[in-house]
Undergrad: 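Next up is a structure, given as structure tokens.
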Amino acid sequence: MNTKKDGLSYAFFFCQQLDAAQDLNRRSLEKELGPRIRFFPLPCSGRIESLHLMRALETGADKVYVIACPERACRHREGNTRARKRVAFAQRLIAEIGLDPDRFEFLVASALPSPYIDKVARELLARESQVDPLPWGNKEREAPKEILRKEKRDDYRGEKAPRRNQREHRLL
Amino acid sequence: MITAERKPLAEIKESIASYKKLLILGCGSCVAECASGGEKETALLASQLRIDAKKEGRTLETKEMTLDRQCVYEFIDQLAGVIGEYDAVLSLGCGAGVQAVAEVFPRAHIVPALNTTFIGQTKQAGLWLENCRGCGDCKLDFFADVCPVTRCSKGLFNGPCGGSKNEKCEVDPDTPCAWQLIVTRLEERGKLDSLEKVHPPARWSKKEGKGPRKIAREDQRT
């Protein structure tokens, strides 16, 4: 797997029905790639909005995947259909500003139950990279580390401690 | 509701080319319903413009705000403490909203991001159809609540033209024949004989020829 070679950053939006233990299964990849990979489990792929994809791009993801349940297997009947259309709309928006629409990719799992999310993600990352790094680099990707470092109580000697559960800005 | 569509991005970019700080202003009413200028669409356009600026190495700072209605002064007043901090306002309101904001803040440059199109209804999710032209002389009661001014391509008041095919208009085969709808509905209501009345031509002076129209209600004024 050449995830470290290409140096790209990835965002994975996926229906959590695909992997009931996704919270555990994705940790190894998160540990391996750090801020270069971000997973966003969704209650249904139909919850995705074009804005989520745009914001992922804005905050440094070079490639964004949306992984949905197979056709006619969505437990909300047409969530995967809606997701496909919203990804297509987001692709038109970035094509309008001269970016490669392939930066957003919509996929359906081949069957349910699907392989664990980290296996799916690794297979996708192992594919030949079809997009280039974003022209403005990945400076935003480093920001979350800084926010997390500041949240450590040791850094606040004598200062007001941060609120509990204060976390980096989330896309969803 | 009033419907609108977002302008081509190239046109918007040309209008805001010289600005570095933009207030992007949505409207929560008609344009939100037709998915062109609501909070979501405002955020999408702002994101698109920011990404485009990054790509071209430009600086662009944006703030997004959505008013409940951009055409009502009580809502526009919410901009009072904010608008001065920005070089221009990119408005995703209809033509009425853009002009109303410009009236309250005449020194601000209000740039329209939408092309206002027609008065219509939501036929289904993602589909809006024109059904009113604002002629000022509503005749819906005579025509089973189907407007012949708007929905008949030929604007006929006294029966069908006879050119429809399979209940579709001969001018636009995607459009249902308005007179087919009128006759069908009058039949269902048992009022087909009302078609025997001859209707004179519309009084277009109620709509055109006298400049911008107004409604004044003294009981509503302070």
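Naming: A, B, ... by sequence-line order, numbering from 1 per chain.
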Undergrad: CG/A:Leu51 to CG/B:Leu45 distance, rounded to the nearest 0.5 angstrom?
TA: 11.5 Å
Undergrad: Considering non-hydrogen atoms only, spot the tightest contact between B:Lys55 and A:Pro135 and give its length.
TA: CG-CG, 4.4 Å
Undergrad: Please report the shortest heavy-atom distance between A:Leu93 and B:Leu44, naming the atom on each side.
TA: CD1-CD2, 3.7 Å
Undergrad: Got more than 12 heavy atoms from elsewhere within 6.0 Å of CD, B:Glu39?
TA: no
Undergrad: Among A:Leu99, A:Leu57, A:Ile94, A:Ile97, find the residue that satisfies the side-chain contact (heavy atoms from CB on, under 4.5 Å) test when tested with B:Gln48.
TA: A:Ile97
Undergrad: State whether the number of non-hydrogen atoms from other residues, nucleotides or ligands found under 6.0 Å of B:Lys168 atom NZ is greater than 12.
TA: yes
Undergrad: Just checking B:Asn166: does its CG atom have more than 12 heavy atoms from other residues, nucleotides or ligands closer to it than 6.0 angstrom?
TA: no
Undergrad: Please say whether more than 12 non-hydrogen atoms of neighbouring residues, nucleotides or ligands are located less than 6.0 Å from CZ in B:Arg6.
TA: yes
Undergrad: Tell me whether A:Arg86 at atom CZ has more than 12 heavy atoms from other residues, nucleotides or ligands lying less than 6.0 Å away.
TA: yes
Undergrad: Do B:Lys54 and A:Glu58 have side-chain heavy atoms sitting under 4.5 Å apart?
TA: yes
